[in-house]
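Working notes, structure below.
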Amino acid sequence: MGYNRLMNEFPSTIQKGNRLNREAAYYEAHQEKLLEQYPEQWIAILEQKVIGAAQDPRQLLVDLKNQRVSLRQVLIKHLTHEEEVWVLIV
């Protein structure tokens, strides 16, 4: 399955809404520990636990898909010591 098709499965921020609040809270509370455990990696959090990690975000998406995890239910974060700036172009 292609990367673009996987990315299209992510719902909008509005649709995710409250469903991911617990995952976001878990991430915020454990950010430093997660960064130590998964430095410079992308992680997926579901039900307040890390269910996948990879250095390449595309590989993480493929791994989640192979586990039959709905991408609409997971929080995906990049763990890095460097400050990141993201630009969204619509």
Side-chain angles (χ1 to χ4, degrees):
M1 180 175 293
Y3 175 71
N4 289 334
R5 186 169 171 204
L6 286 172
M7 291 304 293
N8 287 337
E9 287 195 32
F10 281 103
S12 71
T13 304
I14 294 170
Q15 291 172 324
K16 285 183 182 180
N18 296 331
R19 186 169 49 204
L20 294 181
N21 284 346
R22 286 190 319 195
E23 270 56 273
Y26 172 84
Y27 171 76
E28 292 296 327
H30 298 90
Q31 185 175 3
E32 290 302 317
K33 182 179 176 183
L34 292 170
L35 183 55
E36 288 176 20
Q37 193 171 358
Y38 304 100
E40 304 305 320
Q41 293 188 51
W42 291 81
I43 62 168
I45 300 172
L46 178 63
E47 296 178 2
Q48 299 181 0
K49 55 187 168 183
V50 176
I51 62 165
Q55 289 186 348
D56 181 346
R58 292 171 292 206
Q59 184 60 52
L60 178 59
L61 294 176
V62 170
D63 293 346
L64 293 172
K65 201 65 171 167
N66 289 339
Q67 294 176 46
R68 300 192 188 281
V69 173
S70 170
L71 299 179
R72 295 177 184 266
Q73 297 175 348
V74 297
L75 176 67
I76 296 179
K77 294 296 247 177
H78 184 227
L79 299 173
T80 182
H81 289 287
E82 296 181 24
E83 185 175 330
E84 294 182 314
V85 176
W86 288 71
V87 177
L88 177 61
I89 301 172
V90 261

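These numbers come from the heavy atoms of this one structure, side chains and all, not from hydrogens, waters or symmetry mates.
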What residues form a side-chain hydrogen bond (donor to acceptor under 3.5 Å, both in side chains) with [X], not counting sequence neighbours?
{"X": "Gln31", "answer": "Tyr27"}
{"X": "Glu40", "answer": "Thr80"}
{"X": "Gln59", "answer": "Asp63"}

- Query: Considering all heavy atoms of both residues, which atom of His78 and which atom of Gln41 are nearest to each other, and what is their separation?
  - Reply: CD2-O, 3.5 Å

- Note on the structure: Looking only at heavy atoms, the pair that brings Ala44 and Leu60 closest together is N-CD2, 4.0 Å

- Sequence neighbours excluded, which residues qualify as ring pair (Phe, Tyr, Trp, His ring centres under 6.0 Å) partners of Tyr38? none

[X] [atom1] to [Y] [atom2] distance, which is reported to the nearest 0.5 Å:
{"X": "Ile76", "Y": "Leu71", "atom1": "CD1", "atom2": "CG", "value": "6.0 Å"}
{"X": "Leu79", "Y": "Glu36", "atom1": "CG", "atom2": "CD", "value": "11.0 Å"}
{"X": "Gln37", "Y": "His30", "atom1": "CD", "atom2": "NE2", "value": "11.0 Å"}

- Message: As a quick check of understanding, evaluate side-chain contact (heavy atoms from CB on, under 4.5 Å) for Leu35 and His81, giving each step before the final call.
- Response: CA-CA 8 Å; Leu35 183 55; His81 289 287; 3.3 Å; yes

Using distance only, find each side-chain donor-acceptor pair of residues 45-57 under 3.5 Å and give its atom names and separation, not counting sequence neighbours.
{"residue": "Asp56", "atom": "OD1", "partner": "Arg58", "partner atom": "N", "Å": "2.9"}
{"residue": "Asp56", "atom": "OD1", "partner": "Arg58", "partner atom": "NE", "Å": "3.3"}

